[in-house]
Amino acid sequence: MIKITLPDGSIREYERGITSLQIAQSISEGLARNVLAAEVDGQVWDATRPIEKDASVRLLTWNDKDGKSTFWHSSAHLMAEALEALYPGTKFGIGPAIETGFYYDVDFGDRPFSSDDFKKIEDKMLELARTKSDYVRQQVSKSDALAYFTEKGDEYKLDLIKDLADGSITFYTQGNFTDLCRGPHIPNTGFIKAIKLTNVAGAYWRGDESRKQLTRIYGVTFPKASELADYLHMIEEAKKRDHRKLGKELELFAFSERVGMGLPLWLPKGAALRQKLVDFLQRAQMKAGYEPVVTPHIGHKNLYVTSGHYEKYGADSFQPIRTPQEGEEFLLKPMNCPHHCEIYKTKPRSYKDLPVRFAEFGTVYRYEQSGELHGLTRVRGFTQDDAHLFCRPDQVKDEFKKVIDLVLYVFKALGFDDYTAQISLRDPENKGKYIGSEENWLLAEAAIVEAAEEKGLKTVTELGEAAFYGPKLDFMVKDALGRKWQLGTIQVDYNLPERFELEYTGSDNQKHRPVMIHRAPFGSLERFVAVLIEHCAGEFPLWLTPEQFIILPVSEKYEEYAKKLLESLNNTDIRGLIDLRDEKVGRKIRDAEVKKIPYMLIVGEKEVENGTISVRKHGEGDLGSMTIEAFSKQLIEEITV
RNA sequence: GCCGAUGUAGCUCAGCGGUAGAGCACUUCCUUGGUAAGGAAGAGGUCAUGGGUUCAAGUCCCAUCAUUGGCUCCA
């Protein structure tokens, strides 16, 4: 007998060789029907794999992340089986589960493939799923594994096996399909009830451009048809919220081929929104002791040679601009920090002066590969809400904590309630790719970890995700549809102060090196606005809305009253407009609703007589009539953040 | 940058070898209307660009550009 510890702490005794599935059955039939896999001593296993010794077991269902990914990984195998049945001779690369769904990289040889083939594959998959074939795990020797795939003629699998240690190789078979696979898998294909192939794309074998390009087929599957329907609905909703679509419809920004790809044009309404964000953060930063600075859009090449950016990114950047007479080389500013370092150096600094905090909404230009541009989230010219804090080593942690406070304040004001922080540290395996001394890195990493801990942030730590000059703390927010976005970032930098030979005079009258912290709560205004649009589906918080109200006269007879009304309501914080078109009020309301204008003020005979307005709120409907003063007061209260 | 898809009116799209279409938006006129589309008329396109095939090319082929889904990259 062996002892199995369950997540609730209870310990049950079973015969040696019991499977997780049988454990589930001993608890309840319902549970057993839903078990996809199990976590055995921290490792995800097949639910059907025998357990040979005492272990702690957590049964995984569709509600667990690992349960889902097991399900999707098994779905990838099911798709491969369908592909092999439909297109004999297809070779297979890798087929993992991804955040939502799975993909399989396959080589169809010369056969053309397009999304038109999806239906056929989906049908075949469903047919195979209904056979409820078990996923059977089998340990094989390296030579047998090689022999199998040599026989099958699948060079990709052979390439994979080459790198595997003999003794740790497993095959999984379901139906007529056998694949090299570490597992785990769901018990049988019958769990897969709803299937949707989503898209097809090219992907290089092992992500290497010099190797053959395979066809990557993406799909997603569900244990219930209704879940697929929900998923498709979510996709529809995401499409409706796409910031590129809403940005066009709400006249926030545009792109022009003539201006150049990846270079956004902010239209009046978008610029108004953007300006409000800038004002908002500017005010918060002034309170927090930041000093605004302004630097030019280009900088001498030597500046970036000094900073190290030229060496690292020069070849992949926009190429230098040369002055016609002197032949001096200037770069479009890809970063604000080198400029800010020079500002720091304009005068001797005392330890008493630190920290100094230079803030700039600095527009930077970076070459992004053409295929990578995407709406406002990936552009070639963008404005960072950048600031650099220069402080003493003993101030780092404190400053870091203050920045965390600022970032959280910004998120709260903008309705991002669900966020996590990612601590990005060095890749311990590959320390050579980072600039800076071991000692400095250890200091910086400790400061971040401690600050995040003391602020009680929900964090995940990623090794190898640090910037080349220092570790960082990135904030990821979840939007209204549950999608994750990376926004704010805080980065410790012991490196630039070194390169720019920044100094301050300590209380010991000796020169010391300050520490630099880069930080941007929004990240970039472009990206932030994109995320904000999708988060709130274009219905911005009132204080950010470019046009907060629209006056709708019932007929042209009330035009005068409407104009006076506009004059009395408009001020620096509240902006509105009048719809003077020769249309019925129903039409004007519809158009205002479509434009997502928060308040509609309807004025007609009644209102003129009583000196009131009839207020309608976007998405809610008629609020009844009120006095102008009452409305104005309500609006001001609502926009105060 | 690489692979695939797409590019027709301001917007959303139909047409896929034989005289450029629809809805919305726009302009003008009628209508003076009370909480999500009043009526009529009009204007608007070298069918992304450049080549080619054809008696004839938005329509078929090639190239370029842009957009887009991925890959790769991201200070």
Side-chain angles (χ1 to χ4, degrees), chain A residues 98 103 105 112-116 198-218 242 244-245 248-249 251 254-262 304 307-314 316-317 331 333-338 364-375 377-380 384 386 435 465-470 472 486 489 491 493 495-496 518 520 527 552-559 581-595 600-607 614-625:
Chain A
I98 52 178
Y103 67 78
D105 285 345
F113 184 85
S114 79
S115 50
D116 298 339
T198 50
N199 54 47
V200 55
Y204 296 104
W205 174 235
R206 303 208 142 178
D208 181 347
E209 266 184 54
S210 66
R211 304 209 205 199
K212 184 158 182 184
Q213 183 149 21
L214 307 179
T215 305
R216 176 169 297 179
I217 305 172
Y218 288 86
D242 190 319
R244 293 168 299 181
K245 177 172 136 66
K248 196 185 273 183
E249 282 173 10
E251 298 179 5
F255 290 90
S256 151
E257 282 188 29
R258 199 163 289 155
V259 170
M261 56 162 83
Y304 306 104
S307 71
H309 292 113
Y310 188 80
E311 187 196 356
K312 182 109 180 150
Y313 295 103
D316 301 323
S317 299
L331 289 178
K333 177 165 74 178
M335 296 280 297
N336 301 302
C337 29
V364 297
Y365 301 88
R366 295 178 187 176
Y367 169 74
E368 300 287 356
Q369 296 184 92
S370 58
E372 195 48 45
L373 299 171
H374 180 91
T377 58
R378 264 328 260 291
V379 288
R380 286 178 171 172
Q384 294 178 312
D386 212 356
I435 307 181
E465 288 294 309
F468 76 90
Y469 53 78
K472 58 183 181 175
Q486 193 207 306
T489 177
Q491 316 186 348
D493 187 348
N495 182 51
L496 280 184
H518 310 246
R527 185 178 166 79
L552 310 178
V554 170
S555 89
E556 66 185 2
K557 284 189 271 186
Y558 316 108
E559 222 180 280
R581 291 176 307 163
D582 181 13
E583 293 290 350
K584 291 196 191 180
V585 71
R587 176 51 180 273
K588 293 181 182 180
I589 286 169
R590 188 193 131 78
D591 290 346
E593 289 282 356
V594 169
K595 280 153 86 177
M600 288 151 272
L601 313 180
I602 294 133
V603 295
E605 196 176 346
K606 270 185 297 183
E607 288 73 23
S614 174
V615 180
R616 182 191 164 99
K617 192 165 187 183
H618 168 69
E620 289 180 28
D622 197 356
L623 299 184
S625 77

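Quantities reported herein were computed from a predicted structural model and do not represent experimental measurements.
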A:Y304 to A:L331 - nearest heavy-atom pair and separation:
CD1-CD1, 3.4 Å
Any strand is fair game: report the nucleotide pairing with B:U19 by Watson-Crick or G-U wobble, both distances under 3.5 Å, or none.
none
Scan A:E583 against the nucleic acid and name what it touches under 4.0 Å (heavy atoms): base, sugar-phosphate only, or nothing.
base
Regarding A:V585, tell me which of base, sugar-phosphate or nothing describes its non-hydrogen contacts under 4.0 Å with the strands shown.
sugar-phosphate
Please give the distance between the P atoms of B:A20 and B:U49 as a whole number of Å.
16 Å
Nearest-Å distance for atom pair NZ/P, residues A:K557 and B:G34
10 Å
Pairing partner of B:U46, by Watson-Crick or G-U wobble and under 3.5 Å for both distances, is none
For a quick check of understanding: with a heavy-atom distance under 4.0 Å over all strands, which category does A:G371 fall into, base, sugar-phosphate or nothing?
base
Syn/anti state for B:G58 [syn: chi within 90° of 0]
syn
Protein-nucleotide distance (A:E368, atom CD; B:C74, atom C1'), rounded to Å
6 Å
Tell me what A:Y103 touches on the nucleic acid: a base, only sugar-phosphate, or nothing, going by heavy atoms under 4.0 Å.
nothing
RNA chain B: 5'-proximal contact among A:E257 and A:A466 (nearest heavy atom)
A:E257
B:C71 OP1/OP2 closer than 4.0 Å to side-chain N/O of A:R216
yes
Testing the basics here: between A:R366 and A:Q384, what is the closest heavy-atom pair and its distance to 0.1 Å?
NH2-NE2, 3.4 Å
Quote, to the nearest angstrom, the P distance that separates B:A40 from B:A22.
15 Å
Worked verdict on A:E593 versus A:R616 for salt bridge (charged side-chain N to carboxylate O under 4.0 Å, His left out):
CA-CA 10 Å; A:E593 289 282 356; A:R616 182 191 164 99; 2.8 Å; yes
Which part of the nucleic acid does A:Q384 contact within heavy-atom distance under 4.0 Å: base, sugar-phosphate only, or nothing?
nothing
Flag yes if more than 12 heavy atoms outside A:E605 fall under 6.0 Å of its CD atom; otherwise flag no.
no
Looking at every strand, decide which applies to A:N199 at a 4.0 Å heavy-atom threshold: base, sugar-phosphate, or nothing.
sugar-phosphate
Looking at B:U32, does its base get a donor-acceptor pair with the side chain of A:D582 below 3.5 Å?
no
Partner of B:A41 by Watson-Crick or G-U wobble geometry, both contacts under 3.5 Å, or none?
B:U27
Base, sugar-phosphate alone, or nothing: which one does A:K248 contact when heavy atoms must sit under 4.0 Å apart?
sugar-phosphate
May I ask you to say what A:R616 touches in the nucleic acid, namely base, sugar-phosphate or nothing, with a heavy-atom cut-off under 4.0 Å?
base
For the pair A:E311 (side chain) and A:G308 (backbone), establish whether a donor and an acceptor sit closer than 3.5 Å, ignoring hydrogens and angles.
no
Assert: residue with more 5' nearest nucleotide on RNA chain B, out of A:Q369 and A:Y204, is A:Y204
Looking only at side-chain N and O atoms, does A:R244 come under 4.0 Å of OP1 or OP2 in B:U68?
yes
Touch class at under 4.0 angstrom, heavy-atom based, for A:H374 against every strand present
sugar-phosphate
How far, in whole Å, is B:G69 from B:C13 if one measures between their P atoms?
14 Å
Pairing partner of B:U53 (Watson-Crick or G-U wobble, both distances under 3.5 Å)
none
Whether the side chain of A:R366 and the base of B:C74 hold a donor-acceptor pair under 3.5 Å is what I'd like checked.
no
Rounded P spacing from B:C29 to B:G10 in Å
24 Å
